Amino acid sequence: MITADLFAEANQLQCEQILPEVFLLRSFALQMAPQILNQLDLIAAQSPFRRMQTPGGFFMSAAITNCGDVGWHSDRQGYRYSEIDPQTEQAWPVMPECFRELAETAARQSGFSRFSPDVCLINRYEVGAKMGLHQDKDEKDFSQPIVSVSLGLPIVFQFGGPKRNDPVQRIPLQHGDVIVWGGAARRYYHGVLTLKPGQHPLTGSYRYNLTFRQAR
DNA sequence: TAGTTCCG
DNA sequence: TGGT
């Protein structure tokens, strides 16, 4: 219990504000990373990473899976959350307690005290993969923040505004970094640039991103 | 437009 | 690389 809080203190938590209501918690998940990656293997064994199709019929370059009460899914029919993994036709893997604890603590540190995520969307990036500018708008309650955890290879995160062509901030993210956004920024466009080649001691040539949301 | 390709 |  409260492991993440202890880590935060031990690490002399630095919370950097990128924009109003966008917070960068550098190295926040660093000490938990090995544990998280172990859990990721168990989750992927149950609901494998897969590249999803957009409504337009193209495949996203990042491979995706989920854990939690629901999972985010995309296909030609659109974007949605479902209780069942359409690939396995089973429930999504249960969200590990240490995931929930990390997400809630990061949210609390950023001023969002009542965050209770019901889904963790997991993106796996290989070299060359990216995520175009988009809004997270498939959730019911936009008063709940998003908590995003970076593991493995570094990448450049882009955070824009409410309109697609609003100017974008570029934030280099490293292994263990956590970004939290809410309030007005909850609807802002964001994405990541192309993953560059590299090798990380814990993840090899991959970068993983965990995004915690309250979908329902 | 959670994409790719192409153009400049 | 950035807009699209």
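Only a predicted model underlies this, so the values are computations on that prediction, with no experimental measurement involved. By convention in this document, chain letters (A, B, ...) are assigned in the order of the sequence lines, proteins followed by strands, and residues within each chain are numbered from 1.
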Between the main-chain N or O of [Y] and the side-chain N or O of [X], is there a donor-acceptor pair closer than 3.5 Å?
{"X": "A:T54", "Y": "A:F58", "result": "yes"}
{"X": "A:T203", "Y": "A:Y206", "result": "yes"}
{"X": "A:T88", "Y": "A:Q90", "result": "yes"}

Which value, rounded to the nearest 0.5 Å, describes the distance between A:I122 atom CD1 and A:T211 atom OG1?
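Spacing of CD1 (A:I122) from OG1 (A:T211) equals 8.5 Å.
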Reckon A:N209 touches a base, only the sugar-phosphate, or nothing at all at heavy-atom distances under 4.0 Å?
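Contact class for A:N209: none.
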Residues at least two apart in sequence or cross-chain that pass side-chain contact (heavy atoms from CB on, under 4.5 Å) with A:Q17, listed by chain then number, are A:P20, A:F23
Got a sec, which pairs hit salt bridge (charged side-chain N to carboxylate O under 4.0 Å, His left out) with one end in residues 47-62 of chain A, sequence neighbours left out?
A:R50-A:D85
Scan for salt bridge (charged side-chain N to carboxylate O under 4.0 Å, His left out) pairs involving residues 175-201 of chain A, sequence neighbours excluded, and state none if there are none.
A:R26-A:D177, A:E139-A:R186
Take atom [atom1] of [X] and atom [atom2] of [N], then tell me their distance rounded to the nearest Å.
{"X": "A:R76", "N": "B:dA2", "atom1": "CZ", "atom2": "P", "answer": "17 Å"}
{"X": "A:M131", "N": "B:dT4", "atom1": "CE", "atom2": "P", "answer": "10 Å"}
{"X": "A:Y81", "N": "B:dA2", "atom1": "OH", "atom2": "C1'", "answer": "11 Å"}
{"X": "A:H190", "N": "B:dA2", "atom1": "NE2", "atom2": "P", "answer": "10 Å"}

Assess the side chains of [X] and [Y]: does a donor N or O sit below 3.5 Å from an acceptor N or O?
{"X": "A:S82", "Y": "A:R80", "value": "no"}
{"X": "A:N209", "Y": "A:S148", "value": "yes"}
{"X": "A:D138", "Y": "A:W72", "value": "yes"}

Nucleotide paired to B:dA2 in any strand shown, Watson-Crick or G-U, under 3.5 Å:
none
What residues in residues 50-66 of chain A put a non-hydrogen atom under 4.0 Å from any atom of DNA chain B?
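Of all residues in residues 50-66 of chain A, the ones placing a heavy atom under 4.0 Å from DNA chain B are A:T54, A:F58, A:F59, A:M60.
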Can we say A:D136 and A:R213 salt-bridge, meaning some charged N sits less than 4.0 Å from an Asp/Glu carboxylate O?
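Yes, this pair counts.
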Given Watson-Crick and G-U pairs under 3.5 Å, DNA chain C in dot-bracket ([ ] crossing, | other strand) is .||.
Protein-nucleic acid N or O pairs under 3.5 Å, nucleotides 2-4 of chain C:
from	atom 1	to	atom 2	distance (Å)
C:dG2	OP1	A:R170	NH2	3.3
C:dG2	OP2	A:R170	NH2	2.5

